[in-house]
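All remarks here apply to the structure that follows.
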Amino acid sequence: MTDIKSKKADIVAVANAAKVSPSTVSRAFNHPDLVNPATRKRINRAVEKLGYIRNRAAQAIHGRRNATIGLIVPTINHAIFAEVIQSFSDAIDEAGFTLLIASHGYSLEREYDMIRKLMEHRVDGIALVGLEHSEATFRLLRQQDTPCIAIWNYSGTSDMPCVGADNREAGRLAARHLLQAGHRDIGLIFPSIEGNDRARQRLEGAMEEIRAHGVEVRDGWRQESPYSITLAKQAVRGMMDSDQRPTALVCGNDVIAQGAIFGVQSRGLSVPGDVSVIGIGDFNGSLDMEPGLTTVRIPAEDIGKVAGQRLTGLIVSETRELFRYRCDLKCIVRGTTRPLT
């Protein structure tokens with residue numbers, strides 16, 4: 001192992017191969033606009049030939065940026081966060097930063113551990129999903145004075161910068177669409193709200209809208225399902241097998257909505273003929289379902305892009321601006337809902 005390490009190229013070897021000084025090599029990496037293009041080409045050829053890798057961790061120890069940003073998401077098992085992760089990654093890449101990603105499995109305690117590990121790698125900034133985090137997490141971010149941003153959720157009273165949607169409004173829009181279509185027998189399928197402020201706010205918004213129309217949700221018509229097509233399919237079967245079944249379902253996101261549709265169909269019922277189904281999110285593939293899924297569109301690509309641009313701006317400017325960016329929501333009516341005649 002020692003022999004292998006001793007053969008790895010260092011900045012001096014690159015400088016000798018490119019016939020420049022080590023300081024010029026360093027400048028080519030950190031301030032390429034200050035180095036002659038022809039010289040940069042020679043340095044890049046030497047880097048590629050020698051397989052040289054910069055030690056960014058050592059740079060961070062000496063007070064220089066590590067050019068990495070940590071993003072911690074609840075899960076990477078489903079497509080729920082795929083679009084926002086990709087657009088966030090693209091945005092920070094344009095600013096010269098690399099993404100380090102971790103997931104906490106909807107455990108705020110584990111999220112705190114992930115943040116500590118990313119900080120040990122000297123990331124320049126941290127992006128988190130949602131605005132609900134442990135007090136230990138908020139305290140650590142303050143103590144380390146680390147630039148941070150909350151993605152996916154918007155709140156006008158947030159204590160940390162945020163870029164996202166009003167999830168309570170998303171729930172209201174979903175329920176409102178069904179109510180305006182004449183439905184009063186409405187069921188709900190949402191994930192657990194523990195450690196998940198997105199789900200909690202959407203559920204609260206849907207319930208507020210339903211009650212505002214003088215409607216109450218029957219016992220047994222409010223089911224819980226994780227982000228799983230299989231488990232959502234199982235959750236809806238009980239409602240479909242009862243003597244009184246709902247004519248419409250509000251689902252916490254499009255993954256659950258897809259499972260709910262399969263659950264309805266597995267009981268010999270049709271969507272939307274017998275039961276209307278609406279989701280939240282408008283994920284990739286929701287348009288291509290048969291029938292296409294009616295849903296509330298959350299602009300994930302815009303959220304990721306704006307969040308990436310804003311966070312890298314905070315890092316480069318070395319400011320701690322508290323900004324709150326709210327994305328527009330829209331109810332996209334497709335084929336899984338119909339007016340109740």
Side-chain angles (χ1 to χ4, degrees), residues 28-33 40 44 47-48 53-54 56 59-60 64-104 111 114-115 117-119 121-131 146-154 158 160-165 167 170 198 227 253-255 280-288 295-319 321 323-330 332:
F29 280 120
N30 298 311
H31 304 286
D33 53 311
R40 288 206 311 270
N44 289 338
V47 166
E48 183 177 347
I53 299 294
R54 281 191 293 171
R56 288 191 181 272
Q59 292 178 337
R64 296 165 66 181
R65 285 199 298 271
N66 204 15
T68 56
I69 289 175
L71 170 61
I72 305 177
V73 296
T75 179
I76 53 177
N77 259 349
H78 303 291
I80 298 168
F81 298 110
E83 193 173 356
V84 75
I85 290 172
Q86 186 61 60
S87 59
F88 182 82
S89 179
D90 291 342
I92 67 169
D93 180 67
E94 289 181 7
F97 290 82
T98 299
L99 180 66
L100 298 180
I101 189 167
S103 65
H104 59 70
E111 180 185 59
M114 294 295 101
I115 293 172
K117 289 179 180 179
L118 287 172
M119 287 182 173
H121 286 280
R122 297 296 192 273
V123 294
D124 298 304
I126 296 281
L128 305 173
V129 171
L131 289 165
T146 302
C148 61
I149 192 169
I151 296 177
W152 208 252
N153 282 35
Y154 165 84
S158 169
M160 65 187 298
C162 61
V163 175
N167 282 282
R198 284 84 58 205
Y227 299 121
N253 61 46
D254 288 7
V255 173
I280 298 175
D282 197 23
F283 303 147
N284 288 331
S286 294
L287 170 63
D288 299 317
T295 185
V296 175
R297 176 177 292 163
I298 295 179
E301 184 175 350
D302 291 344
I303 290 172
K305 180 179 180 180
V306 172
Q309 292 172 340
R310 289 296 186 95
L311 182 54
T312 54
L314 290 181
I315 295 168
V316 172
S317 66
E318 298 184 350
T319 63
E321 176 192 1
F323 57 81
R324 306 180 183 103
Y325 185 96
R326 178 177 180 174
C327 297
D328 293 333
L329 298 172
K330 184 178 182 181
I332 307 298

Which atom names give the shortest non-hydrogen contact between [X] and [Y], and what distance separates them?
{"X": "C148", "Y": "L314", "result": "O-CD1, 4.2 Å"}
{"X": "S317", "Y": "G313", "result": "OG-O, 2.7 Å"}
{"X": "A91", "Y": "G304", "result": "CB-O, 4.4 Å"}
{"X": "A165", "Y": "L329", "result": "CB-CD2, 3.6 Å"}
{"X": "I303", "Y": "W152", "result": "CG2-N, 3.8 Å"}

* By side chain to side chain donor-acceptor pair (under 3.5 Å) - contacts of Q309 (at least two apart) ->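 Residues passing side chain to side chain donor-acceptor pair (under 3.5 Å) with Q309: none at all.
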* Can you sort out the partners of T312 under side chain to side chain donor-acceptor pair (under 3.5 Å), two or more places apart, ordered by chain and number? =>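 Not a single residue meets the side chain to side chain donor-acceptor pair (under 3.5 Å) criterion with T312.
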* Asked: More than 12 non-hydrogen atoms from neighbouring residues, nucleotides or ligands closer than 6.0 Å to CG on D328, yes or no?
  -> no
* To do: Tell me, with the steps shown, if I92 and L311 meet side chain to side chain contact (heavy atoms under 4.5 Å, CB included).
  => CA-CA 8 Å; I92 67 169; L311 182 54; 5.8 Å; no
Distance in Å, [X] [atom1] paired with [Y] [atom2], rounded so as to fall on 0.5 Å steps:
{"X": "N153", "Y": "C327", "atom1": "CG", "atom2": "SG", "result": "11.0 Å"}
{"X": "I298", "Y": "R198", "atom1": "CD1", "atom2": "CZ", "result": "10.5 Å"}
{"X": "L287", "Y": "I332", "atom1": "CG", "atom2": "CD1", "result": "9.5 Å"}
{"X": "I280", "Y": "S286", "atom1": "CD1", "atom2": "OG", "result": "12.0 Å"}
{"X": "F88", "Y": "L71", "atom1": "CZ", "atom2": "CG", "result": "5.5 Å"}
{"X": "M114", "Y": "L100", "atom1": "CE", "atom2": "CG", "result": "12.5 Å"}

Can you check whether [Y]'s main-chain N or O pairs, donor with acceptor, with [X]'s side chain at less than 3.5 Å?
{"X": "T146", "Y": "G125", "value": "no"}
{"X": "D254", "Y": "F283", "value": "yes"}
{"X": "D93", "Y": "S89", "value": "no"}

* Asked: V306: what forms a side chain to side chain contact (heavy atoms under 4.5 Å, CB included) with it, not counting sequence neighbours?
  ->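 Expected list: V163, R310, Y325.
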* Tell me, please, which residues at least two apart from A150 pass side chain to side chain contact (heavy atoms under 4.5 Å, CB included). =>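 If we apply the side chain to side chain contact (heavy atoms under 4.5 Å, CB included) test to A150, skipping adjacent residues, the hits are L131, M160, C162.
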* Asked: Which residue pairs pass the salt bridge (charged side-chain N to carboxylate O under 4.0 Å, His left out) test when at least one of the two sits in residues 295-306, sequence neighbours left out?
  -> D282-R297
* Non-hydrogen side-chain atoms of T68 and H121 separated by less than 4.5 Å ->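 No - every pair of side-chain heavy atoms lies 4.5 Å or more apart.
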* Any side-chain heavy-atom pair from I151 and F81 closer than 4.5 angstrom? -> no
* **Partner set under salt bridge (Lys or Arg N to Asp or Glu O under 4.0 Å) for R326, not counting sequence neighbours** =>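 R326: salt bridge (Lys or Arg N to Asp or Glu O under 4.0 Å) contacts with D166.
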* **side chain to side chain contact (heavy atoms under 4.5 Å, CB included) between R324 and Y154, worked out** => CA-CA 7 Å; R324 306 180 183 103; Y154 165 84; 3.8 Å; yes
* Determine, step by step, whether V73 and V84 satisfy the side chain to side chain contact (heavy atoms under 4.5 Å, CB included) criterion, reporting the C-alpha distance in whole Å, the side-chain angles of both residues, the deciding distance to 0.1 Å, and the verdict. => CA-CA 10 Å; V73 296; V84 75; 6.0 Å; no
* Working for side chain to side chain contact (heavy atoms under 4.5 Å, CB included), residues I72 and L128 -> CA-CA 5 Å; I72 305 177; L128 305 173; 4.0 Å; yes
* Donor on one side chain, acceptor on other, Q86 and D90, under 3.5 Å -> yes
